[in-house]
There are 2 protein chains.
Amino acid sequence: MSRSEDPKLGLIRTLGALTRKVRTLFDARASEYGLTEARARLLLHLTQSCPLTQGELADAMDVEPPTMARLIDGMEAGGLVRREAVPGDRRQRHIVLTEAAQSQAEAVLVLTAQLRTEVLAGISEEELAITHRVVCRMLDNVAKAGRS
Amino acid sequence: MSRSEDPKLGLIRTLGALTRKVRTLFDARASEYGLTEARARLLLHLTQSCPLTQGELADAMDVEPPTMARLIDGMEAGGLVRREAVPGDRRQRHIVLTEAAQSQAEAVLVLTAQLRTEVLAGISEEELAITHRVVCRMLDNVAKAGRS
DNA sequence: CGCGATTCTATAGCCTGCTAATAGTTAGCA
DNA sequence: TGCTAACTATTAGCAGGCTATAGAATCGCG
């Protein structure tokens, strides 16, 4: 696949291909832990702040509540998280990591850092900063376009 | 959601969010034509070079053959493409646009250009070029990491 | 010529996005 | 108090990624 096209025409498409391939690579490596990219991200998030409700997690990971619900379903079935009652509001559920998940966190962290290093190899700090700024700008633009 | 994190930590994640949101926005706008982002891209590709086999299309759109097969299934059911026999090799199928699809091509082109303009608003040519280069580099890195 | 290897498409099954619609709970106000 | 509105999570259903596997057709070499 040629990636030498006009940036204006090809950037968005190339971004899509990139995120798909990063995810596929991560999934392949994480499969030996019974994890996927989404599950690993949720796991890491919970190691940093816990307990959170499903809604808070959905916000934090920037997905819709049903997506989060099903992600949790899978991890609960796999024994990685538990749903717990929230005192004072029976609508909400706190999601907490199981022991098993906590003991995997370190490995997941290593895996994530390793992949990040590989993916970002050969890119300068400055290029990275510019790219990050551009991507955030695009995200803002999409949000603006979506509201109109 | 705060996007002000360290680029090294947040870039890949932000990229994922961006591509999802671009896709969702495109899907919402294209729904009145009975299209989705993936179908629209396939449609546009076929207007430029046609006929192609499914394998060639999968390569061109950088997806796996089963993904392309199902995408074509849906578009065939929707009357947008036809599978035609390839003379000389009964394994392959040529995918061709129907009249209905061809008459939509212009509108899809407009929709795509419009969205691109909105998403890339306020980003300089230079920033765009750097970002494109960085993303291509990341794609290379992922490909390299995947082969090892 | 014929058989094994290769190639192309299709199917099955999984995961993760989304929207829309439901059910249960809480809150707020008359 | 009691009704309505708002909020939280779930379910159902669709789309589009992926891998693995199967089936049909072709190719190539002995």
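Throughout, a chain's letter reflects where its sequence line sits, starting with A, and its residues are numbered from 1. Predicted model, so just to flag it, every value in this text is computed and none were measured.
- Two residues are said to be in side-chain contact when any heavy atoms from C-beta on lie closer than 4.5 Å; L44(B) and L109(B) meet this criterion.
- Counting to the nearest Å, the C1' atom of dG17(D) and the CG atom of L71(B) are 11 Å from each other.
- Regarding contacts with the backbone of dG16(D), every side-chain N or O of T67(B) stays at 4.0 angstrom or more from both OP1 and OP2.
- Atom pair M68(B):CE and dG16(D):P shows a separation of 11 Å (rounding to whole Å applied).
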Pair H45(A), L52(A) - check side chain to side chain contact (heavy atoms under 4.5 Å, CB included), show working. CA-CA 10 Å; H45(A) 205 280; L52(A) 293 176; 4.0 Å; yes

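- The CZ-C1' distance, from R23(B) to dG17(D), rounds to 8 Å in whole Å.
- With rounding to whole Å, R90(B) atom CZ is found 11 Å from dC27(D) atom P.
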For the pair N141(B) and R137(B), evaluate side chain to side chain contact (heavy atoms under 4.5 Å, CB included) and give the outcome as yes or no after the intermediate values. CA-CA 6 Å; N141(B) 287 342; R137(B) 178 64 189 257; 3.5 Å; yes

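- With R83(A) as the fixed residue, the side-chain hydrogen bond (donor to acceptor under 3.5 Å, both in side chains) test singles out one of H94(A), Q92(A), Q54(A): Q54(A).
- Contact of the M61(B) side chain with the T67(B) side chain is not registered, since no non-hydrogen atoms from C-beta on lie closer than 4.5 Å.
- Between the CZ atom in F26(B) and the CG atom in L111(B) there is a gap of 5.0 Å [rounded to 0.5 Å].
- When heavy atoms are screened at a 4.0 angstrom cut-off, T24(A) is found touching the sugar-phosphate backbone but no base atom.
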Using a 4.0 Å heavy-atom cut-off, write out nucleotides 2-13 of chain D from 5' to 3' as B (base contacted by protein), S (sugar-phosphate only) or - (no contact). -----BSSBB--

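- Residues E126(A) and I130(B) are not in side-chain contact: their nearest non-hydrogen atoms beyond the backbone lie 4.5 Å or more apart.
- Side-chain contact between D62(A) and K21(B) is present, with heavy atoms from C-beta onward closer than 4.5 Å.
- Of all nucleotides in DNA chain C having an atom under 4.0 Å from a heavy atom of chain A, the first and last in 5' to 3' order are dC15(C) to dT26(C).
- L128(B) and L120(B) make their closest contact through CD1-CD2, 3.9 Å (heavy atoms, listed as atom of the first residue, atom of the second, distance).
- In this entry the distance linking CZ of F26(B) with P of dG16(D) reads 11 Å, nearest Å.
- We find that CD of E64(B) is positioned 15 Å from P of dT21(D), with the value rounded to whole Å.
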